[in-house]
Amino acid sequence: MSNAGLKYIGGLALCLLGASFAEARPVSYPDAWTLMIKNDADQNSLHAHYTLDTKHSLGLRLLYDRDRDFVFTGLQANRLLKRWNKRDSQANLYGRVAVGVVNDEKPSSLAQDDDEALMIGVSGDWETRRYFVSAAAEHWDNGRFDEYSSYHGRLGVAPYVANTGALHTWIMIEGHHRPESRRNEDKLGATALLRFFKGPSLLEVGVDDQGEPLLNYVHRF
Amino acid sequence: MRLTSLLIVTTLALSAPIASHAKDNLEPAVIMQTADTKVGLNGLVCDFCSIALNKTFKKNEAVAATHVDLDTKELSIVFKDGQSLDDETITKLVKKAGYSVTEITHKADLKVETKVE
């Protein structure tokens, strides 16, 4: 089997096992606000949401797609489809939908051409205090800015198990598959990252296989 | 007599909020040691879980302080003076926060058990 084939299979395996950051835990506890910021080679994204009840959250989603050079502005609804609470672990299955408008990053006054956009996604995660596994898939229909899918996967391990209020540290690897990406090197890739988690704040710092940085931040209010 | 009564009433009026406020600011170790109720939980894996439970319970008027310990997988609850929550309400609040209960132990029950022994 060729190297490209092995890389493809490896990437797909990761995609089936892990999840993209911005979609992780998109439903909090009732009346809580959450801010999720994601920056990587593919996009800059902000999702600020309010949890309505145990199963639903609703919020603003802003996204700049580097590959197709457009900005999405819209509303995103998240639903916790199923949660499994066990003595030493928790697993979740989430669904989400976003609707909004897309436009050029630098719209010219002569040819500004907005369009409507729709995103449908699903994600799942399983974690203990030591191990973390997640997977996510999204499909975007961005009108004149194309239609595409993306798949993310994550594996993580905590080098030590921390108690409440202490600094929690995770070593993670994220794989992605973006079949319709215009850049060949972005169709399949991996990112190594460190997650630092203390109280209501979570910070992730990493670098992908192209040397591009990753910087994510989540805060629960 | 009047002056004495006035002093007593004033002292009580001023000390009540102070006592209540003191319970609001208990250290985690104190909350665990003095908890009126301990709740065993399923699904506790991170600090976000702790925050969800603490914030959900602290919204309840009967609750003075809470602490979630990830190691013991327990929620410790200190109630305001003369207040408490029944098991059904505690289970409902835990579920609202997104978790499930394995057991609920009240300090009062432990005292009764000790007396029986």
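Order of the sequence lines sets the chain letters (A, B, ...), proteins ahead of strands, with each chain counted from 1.
- Counting non-hydrogen atoms of other residues, nucleotides and ligands closer than 6.0 Å to NZ of A:Lys86 gives a total of 12 or fewer.
- Put simply, the side chain of A:Thr54 gets close to the backbone of B:Lys96: a donor and an acceptor are under 3.5 Å apart.
- For A:Tyr131, no part sits under 4.5 Å from any heavy atom of chain B, backbone or side chain.
- Heavy atoms of B:Lys95 lying under 4.5 Å from chain A belong exclusively to its backbone.
- What you find for B:Leu70 and A:Asn163 is that their closest heavy atoms are N-OD1, 2.9 Å.
- The 12-atom threshold is not exceeded at CD of A:Glu116, counting heavy atoms of other residues, nucleotides or ligands nearer than 6.0 Å.
- Of the atoms belonging to A:Lys198, it is backbone heavy atoms, and not side-chain ones, that fall under 4.5 Å from chain B.
- For A:Ala158, no part sits under 4.5 Å from any heavy atom of chain B, backbone or side chain.
- Residue B:Leu41 touches chain A through its backbone alone, counting heavy-atom pairs closer than 4.5 Å.
- In terms of heavy-atom proximity, A:Arg87 sits nearest to B:Lys73 at O-CE, 3.0 Å.
- The CG atom of B:Asn54 lies 9.0 Å from the OH atom of A:Tyr29; values are rounded to the nearest 0.5 Å.
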Full working for side chain to side chain contact (heavy atoms under 4.5 Å, CB included) between A:Glu127 and B:Val45: CA-CA 7 Å; A:Glu127 67 178 294; B:Val45 288; 3.7 Å; yes

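- A:Asp31 CG to B:Lys55 NZ: the interatomic distance, rounded to the nearest 0.5 Å, is 11.0 Å.
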A:Phe197 vs B:Phe48, ring pair (Phe, Tyr, Trp, His ring centres under 6.0 Å): CA-CA, chis, key distance, verdict: CA-CA 9 Å; A:Phe197 191 174; B:Phe48 280 168; 4.6 Å; yes

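- With a 4.5 Å cut-off on non-hydrogen atoms, A:Ala91 does not touch chain B at all.
- Counting all heavy atoms, side chain and backbone alike, B:Val68 lies closest to A:Thr164 at O-OG1, 2.6 Å.
- In this structure, OG in A:Ser201 is found 10.0 Å from CG in B:Asp47, a value given to the nearest 0.5 Å.
- Highest contact tally toward chain B, considering only A:His168, A:Arg129, A:Gln90, is held by A:Arg129 [criterion: heavy-atom pairs under 4.5 Å].
- A:Ser28 does not touch chain B: none of its heavy atoms, backbone or side chain, sits under 4.5 Å away.
- Neither the backbone nor the side chain of A:Asp53 comes within less than 4.5 Å of any heavy atom in chain B.
- Considering CH2 of A:Trp84 and OG of B:Ser100, their distance stands at 13.5 Å, rounded to 0.5 Å.
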